[in-house]
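Beneath this line is the structure, given in C-alpha cells, with notes to follow.
The chains referred to below are lettered A, B, ... by the order of the sequence lines, with proteins before strands, and numbering in each begins at 1.
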Protein chains: 2
Amino acid sequence: MSIQAVAAQAGVSVATVSRAFNFPDKVTPATRELVERVARELNYLPNASARTLRTQRSRTLGVVLPTLLNPTFAECLQGIARAAVAGGYAILPVTTGYRLDEEERAVQLLLAGNVDGLILVVSNPSTSAALQRLQTAGVPYVLAYNRHSDHPCVSVDSEGAVADAVTRLVLLGHRRIAMVSGTLAASDRAQQRYRGYQRGMAEAGLDAPPLIEVPFVETAVDALCAELRPRTRPTALVCSNDLLAIRSIRAAHLSGLAVPDDLSVVGFDGIALGEDLTPALTTIAQPNSDIGRHSVELLVQAMAGGRTLQADASLLLPHAFRDGESCASAREDNDAAVS
Amino acid sequence: MSIQAVAAQAGVSVATVSRAFNFPDKVTPATRELVERVARELNYLPNASARTLRTQRSRTLGVVLPTLLNPTFAECLQGIARAAVAGGYAILPVTTGYRLDEEERAVQLLLAGNVDGLILVVSNPSTSAALQRLQTAGVPYVLAYNRHSDHPCVSVDSEGAVADAVTRLVLLGHRRIAMVSGTLAASDRAQQRYRGYQRGMAEAGLDAPPLIEVPFVETAVDALCAELRPRTRPTALVCSNDLLAIRSIRAAHLSGLAVPDDLSVVGFDGIALGEDLTPALTTIAQPNSDIGRHSVELLVQAMAGGRTLQADASLLLPHAFRDGESCASAREDNDAAVS
DNA sequence: CTGTTAGCGCATTCAA
DNA sequence: TTGAATGCGCTAACAG
C-alpha cells in the first residue's frame with residue numbers, strides 16, 4: 001500500500017497525499033478529508049524506510065543498555081519510552097550484556113538504522129570505542145547513569161550517595177562494613193560506588209575490608225555465603241546494586257543469619273520491586289524513570305537546535321536514601337561474634 | 001557516507017561495492033579486500049533504510065510485549081534477542097502496558113517500520129484488533145504466552161499447570177486455597193490460570209472462594225492485606241504470576257503471618273529472581289527464554305518459506321513445578337484459625 | 001567478473 | 001492549492 005495507490009484512488013497527485021499527511025494546512029479541507037478517507041479505506045501506512053531515506057531523519061532514538069534483566073534499566077527504559085513518545089520519537093532499544101564488543105556492535109547497528117540520536121549506558125566512557133565512533137559520526141548522544149566530564153551525562157552522585165550510606169551505618173553502630181560489587185572493570189558506576197565506600201570508611205576512621213567482587217550476570221550466592229563465615233563476617237553490607245542486595249540477603253539466610261538483626265544490607269538503585277520484598281530493601285534510590293526522561297529531553301532539545309549535546313549539559317539528579325527493613329543497629333553481641 | 005563514496009574512492013562501481021558486501025563470492029578476492037579496506041577507512045555503514053526500501057525486507061522482527069517491568073517478559077525478550085541475532089534478524093521491541101489501544105498502535109508502528117514478522121503477547125487473541133490488522137496485512141506473526149486455537153502460539157498449559165498446583169496444595173492439607181490474579185479482562189493467561197484453579201478446586205471437592213483480583217501495574221499490597229484478615233483467611237494462595245506472589249508474601253508479613261508457616265504461596269512464571277528471594281519462591285516455572293527462542297525460530301522458518309504461520313504450528317512447551325520455600329503443609333491450628 | 005541503470009516510497013523543489 | 005519531476009542509498013536485473 002503506497003502513496004501512489006492512495007493518490008490514484010483519490011484522484012489526486014502523490015504530492016497532495018504527502019501534504020495532506022505532513023502539512024494538513026497546505027491542502028483544502030475537502031481534499032484533506034478525501035485523502036484521509038481513502039487512506040483509511042486502503043489501510044495505508046506511510047513507509048518509514050522511504051520517509052527516512054528521503055528526509056534523512058528517522059525520528060527514532062537508539063537506546064543502548066547493559067541488560068533488561070536488571071529492573072533498574074527496565075524502569076529507565078520505560079521513562080525513555082514515555083518521554084520519547086511525548087516528543088514524537090520512536091525508540092530502538094538494544095542490550096549489550098555488559099560486553100564491550102556488543103556495545104560497539106549495538107552502536108553500529110543503530111547508526112546503520114539511521115537513528116537521530118542515542119541514549120546509552122556504557123561500560124566505561126573513558127575507554128568506550130563505541131563513544132569514539134559516535135563522536136566522529138557527529139551523532140547526538142547522551143549517557144545515562146555513566147558520569148564523565150568529557151561527555152553529556154544524566155546521572156546521580158553515586159560516590160557521595162554511598163559515602164553517606166556508610167556514614168549512616170557507622171551511626172547505627174556498625175564497624176565491620178563490607179562492600180559487595182559487580183565486576184569493577186565492567187562498570188564505571190561500580191567504580192564510583194566503590195570509591196564512595198572507601199571514602200565513607202576512611203572518614204569514619206575504619207578499615208575497609210577487601211571488596212567482595214562477583215559477576216554481574218550470574219547469581220553467585222555461593223560466593224557471597226563464603227564471605228559471611230562467622231569469624232570474619234561483616235555486620236553490614238553495602239551493595240553496589242539492588243540485585244546484589246537481594247542475593248546477599250539470600251546468602252545471609254543460607255548462612256543462618258537474620259536480616260537485619262544479624263546483618264544489615266543496603267542496596268543501590270531503588271528498583272520498585274524492592275519495596276515489595278520482605279524485608280523491604282533499604283537502598284539508595286535513583287530516579288530511574290526520570291533519568292530516562294531527562295536523557296530524552298536533553299537529546300531532543302539539542303537535536304531540535306541541530307546540535308550535538310556537550311558535556312556541560314550534563315545533569316546530576318537527586319538520589320534518596322530509602323529506608324526499608326533490611327538495615328538496623330549493630331547488636332552488642334555482633335562485636336563479640338567477630339572478635 | 002554512501003555506497004557511492006566508497007565506489008568512487010575504490011575506483012569501482014557501486015554494484016561492485018554492493019556485491020562485495022552481500023555476495024563476497026561474486027567478486028575477486030582482490031577487489032573485495034580493496035572495497036573492504038576503503039569502506040573501513042571511510043567508516044562506511046550500509047544504510048538500512050535504503051536497503052529495506054529496495055529489498056522490501058528489513059530483516060527485523062517486531063516484538064510486542066505488555067511490559068518489561070515484569071521480569072517474565074524481560075527474560076522472554078532476551079531469548080528472542082539471542083535467537084533473532086542467531087537467525088540474522090534485528091528486533092524492534094515495543095511495550096503496551098496491557099492497554100489495547102497501545103497494542104494496536106504498536107502493530108501499526110511496526111508495520112510502518114517494515115518489520116518482516118512479529119512476535120506478540122496480546123491481551124486477548126479473540127478480540128484483538130491488532131491481530132485483525134496483521135491477518136489482513138498478511139504479515140507473518142506468532143503469539144507468545146497467549147493460547148488460542150485460531151492463531152499460531154508458543155505457550156504452556158497454564159490451565160493444567162495451575163490445576164496441578166492446586167492438587168499439590170490439597171495434598172499438603174490445604175483446604176482454604178484462594179487465587180490472586182491480575183485483572184482478568186486484561187489477560188487471557190490470567191483467565192486460563194483461573195480456570196485451572198477452578199478445575200483443581202472442583203476436582204478436590206473444595207469450594208473456591210471469590211477470585212482476588214488486583215491491578216497488573218500497581219502494587220496493591222493493601223488490597224491483598226484485606227484478604228488475609230484472620231476470620232476468613234486462606235491457608236494457601238495461588239498467584240497468577242510471580243510478582244503477585246511476591247506482593248502476597250509482603251502482605252502476609254504486614255498482616256503478621258509467616259510464609260510458609262501460616263500461609264503458603266505459589267507463584268507462576270518462574271522468574272530467575274524468585275530463586276534468590278527469601279523464602280525462595282515456589283512457582284510454576286515457564287521456560288521464558290525458550291518461549292522467546294521458539295517463537296523466533298517458528299517465525300523465521302515460516303518466513304524462509306515465504307509463508308505466514310498457521311495455527312497448527314503452535315507449540316506447547318513444558319512447564320515445571322519449582323519447589324521453593326514459600327509453600328508448606330497446612331498446620332493443624334490453621335483450621336482452628338479459620339473456623 | 002564488473003558496470004550501467006531502473007526503481008523501491010516518499011518529501012520536496014519548482015511550475016502552473 | 002495542486003501537480004510533475006527529482007533524488008535519498010541501495011540492490012537486482014541486464015549487458016558487457
Going 5' to 3' through nucleotides 3-10 of chain C and flagging B where a protein heavy-atom sits under 4.0 Å of the base, S where only the sugar-phosphate is that close, and - otherwise, we get BB-BBBBB
Tightest non-hydrogen contact, residues L110(A) and G62(A), listed as CD1-CA, 3.9 Å
Separation of dG9(D) atom C1' from R57(A) atom CZ, nearest Å, is 19 Å
In this structure, CG of N114(B) is separated from OG1 of T55(B) (nearest 0.5 Å) by 9.0 Å
Worksheet item: Counting any heavy atom closer than 4.0 Å, what does T52(B) reach on the DNA or RNA strands: base, sugar-phosphate only, or nothing?
Response: nothing
**Prompt:** Between R37(B) and E41(B), is there a side-chain N and carboxylate O pair less than 4.0 Å apart?
**Reply:** yes
In whole angstroms, the gap separating C1' of dC1(C) from CG of L34(B) amounts to 14 Å
From CZ of F23(A) across to P of dA11(C) the rounded distance in Å is 9 Å
- Item | Modelled atom types, side-chain donor and acceptor of T52(A) and S49(A), under 3.5 Å | no
Applied to residues 142-156 of chain B, the salt bridge (charged side-chain N to carboxylate O under 4.0 Å, His left out) test, sequence neighbours excluded, yields R147(B)-D157(B)
State whether R99(B) and E103(B) are salt-bridged, where the test is any N-O pair (Lys NZ or Arg NE/NH1/NH2 against Asp/Glu carboxylate O) under 4.0 Å. no
